[in-house]
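Presented below is the structure to which this report refers.
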Amino acid sequence: MTDVTVTLRAIHDLIATTAGLADRNPAEIRLVAVSKTHPVSGISEALAAKQHDFAENYLQEATAKIQTLAGTAAIWHFIGRVQGNKTRAIASLFDWVQTVDRLRIAQRLDNHRSPDQPPLNVCVQVRLSDDPQRPGAPPAEVPDLVTAIEKLPRLRLRGLMCMPPLEADPDNTREHFDRVRTLYDSLRADGHALDTLSMGTTADMAAAIAAGSTMIRVGTAIFGPRR
Ligand SMILES: *Cc1c(COP(=O)(O)O)cnc(C)c1O
C-alpha cells in the first residue's frame with residue numbers, strides 16, 4: 001500500500017467516527033483531496049485508491065495536471081481565487097468552482113462554459129472575516145447572489161463554501177461553521193435546491209462534520225506538507 005492509500009483510509013475512518021458521533025451518515029460527506037503543490041504521482045496513487053475528487057488553487061499548475069490525467073476518473077474542483085481574465089480557462093477545465101463570490105465572476109463562467117459540457121457546478125464562497133480584502137461574499141449578500149446565479153443556464157449552483165477567518169481562534173471555528181450551516185439551512189428552507197456545504201480542512205474537519213459539512217477539502221492530511 002502507498003502512503004496515500006494509508007492516509008486516505010485514515011481520513012475515511014475519521015469521517016466515519018465523527019459522523020457517527022454527530023448522528024450523521026458518513027456517506028453524506030464527500031472527501032475532496034486538495035492536491036495543490038503535490039505532483040501527479042500522488043494524485044495517481046489516490047485515483048488508484050478510488051479517490052476521485054481533487055482540488056487545485058492555481059490555474060497554471062492545475063492545467064498541466066488536468067491535461068496529464070485526462071481520461072481518468074478525476075473530478076476537478078477549483079478552490080483558488082477566480083480572476084476575471086482566467087474564467088475562460090477555468091470554465092472549460094474544471095468540473096466545479098467552489099470560490100464564486102460575486103455575480104460578475106459567475107456571469108463570466110456561465111458565458112465561457114461550453115454547451116458541449118455539462119453545466120459547471122459552483123458554490124458561493126462565504127466570507128466570515130470582516131476584512132473586505134479576504135475572498136468570499138459577505139453573508140448578508142449571499143441570498144441575492146444565490147438567486148441570481150440560479151438563473152445562469154450553464155452553471156449549476158450546488159451550495160456554499162467557506163474557510164474560517166485566518167485570525168480565528170481554533171476554539172471558535174465551530175461558531176463560524178455553525179453560522180454558515182444556518183445560512184445554508186435558511187436558503188434551503190426558502191426553496192433553493194442546494195446539496196453541498198463545503199467546509200473543513202485538515203485542521204478542522206471534525207468540527208466541520210459536526211456542524212453539518214457535506215464536503216471536506218483535505219490536502220495536508222492526505223499528501224503531507226506542501227512543498
Ligand atoms: C489549501 C486549501 C485546503 C486544504 O488545506 P489543508 O490544510 O492542506 O487540508 C482547503 N481549502 C482551500 C480553499 C485551500 O486553499
Side-chain angles (χ1 to χ4, degrees), residues 3-4 6-15 18 29-40 42-43 45-46 49 51-63 65-66 74-83 86 90 93-102 105 109 121-129 131 133-137 139 142 158-170 172-174 176-177 179-181 184 196-227:
D3 290 352
V4 168
V6 173
T7 53
L8 280 169
R9 188 167 295 181
I11 291 163
H12 283 292
D13 286 348
L14 186 122
I15 292 172
T18 321
I29 299 149
R30 184 164 168 177
L31 173 62
V32 176
V34 180
S35 46
K36 63 174 176 233
T37 79
H38 295 289
V40 167
I43 303 174
E45 286 175 36
Q51 171 63 35
H52 293 160
D53 286 288
F54 297 93
E56 292 279 339
N57 294 55
Y58 310 105
L59 178 61
Q60 207 184 345
E61 179 192 344
T63 303
K65 292 175 180 175
I66 294 172
I75 298 165
W76 295 98
H77 298 244
F78 189 78
I79 58 169
R81 207 156 189 173
V82 185
Q83 291 169 270
K86 303 281 171 64
I90 290 170
L93 279 167
F94 285 85
D95 303 292
W96 286 69
V97 178
Q98 297 202 15
T99 41
V100 173
D101 61 1
R102 50 199 193 281
I105 288 295
L109 291 168
N121 298 291
V122 300
C123 292
V124 167
Q125 181 174 5
V126 182
R127 193 182 79 207
L128 291 166
S129 161
D131 178 358
Q133 299 301 316
R134 303 287 309 150
V142 169
R158 300 296 296 267
L160 305 180
M161 176 273 201
C162 73
M163 286 286 274
L166 285 178
E167 65 277 12
D169 174 343
N172 296 336
T173 308
R174 177 66 195 264
H176 292 290
F177 289 148
R179 188 170 172 209
V180 181
R181 164 71 189 271
Y184 177 74
T196 303
L197 184 54
S198 175
M199 55 188 197
T201 66
T202 295
D204 50 28
M205 52 187 156
I209 290 169
S213 170
T214 70
M215 183 179 271
I216 57 175
R217 308 177 310 270
V218 180
T220 309
I222 297 173
F223 296 111
R226 280 185 280 280
R227 33 204 101 180

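Whatever order the structure lists them in is the order used to number ligands and atoms, beginning at 1. Fair warning: this is a prediction, and the values are worked out from it, not measured in the lab.
Taking the six-membered ring where the residue is Trp, F78 and F94 present perpendicular rings, their angle passing 60° and hence far from 30°.
Rounding to the nearest 0.5 Å gives a distance of 9.0 Å between CD1 of I75 and CG of N121. Within the model, atoms CD1 of I11 and CE of M205 stand 5.0 Å from one another, a figure rounded to the nearest 0.5 Å.
The shortest heavy-atom distance from M205 to ligand 1 is not under 4.0 Å.
Residue contacts with ligand 1 for K36 involve side-chain atoms from C-beta outward but no N, CA, C or O (heavy atoms, distance under 4.0 Å). With a 4.0 Å heavy-atom cut-off, ligand 1 is reached by the backbone of T220 and by its side chain too.
Residue contact check: V218 has heavy atoms under 4.0 Å from atoms 9 (O) of ligand 1. Remark: ligand 1 atoms within the under-4.0 Å shell around heavy atoms of N57 are 14 (C), 15 (O). For ligand 1, the atoms closer than 4.0 angstrom to any heavy atom of M161 are 13 (C). Annotation for ligand 1: atoms under 4.0 Å from non-hydrogen atoms of G219 are 4 (C), 6 (P), 8 (O), 9 (O).
The side-chain heavy atoms of T99 and P135, taken from C-beta on, include no pair separated by under 4.5 Å. Side-chain contact check for I43 versus E56: some heavy-atom pair is nearer than 4.5 Å. M163 is listed as a side-chain neighbour of T201, based on a closest heavy-atom distance under 4.5 Å.
When hydrogens are left out, the protein atom nearest atom 9 (O) of ligand 1 is T202 OG1, 2.5 Å; that is the closest non-hydrogen contact. The nearest heavy-atom contact from the protein to atom 11 (N) of ligand 1 is R217 NE, 3.0 Å. What sits closest to atom 12 (C) of ligand 1 on the protein, heavy atoms only, is I79 CD1, 3.5 Å.
For D101 (side chain) and A137 (main-chain N/O), no donor-acceptor pair under 3.5 Å exists by modelled atom type.
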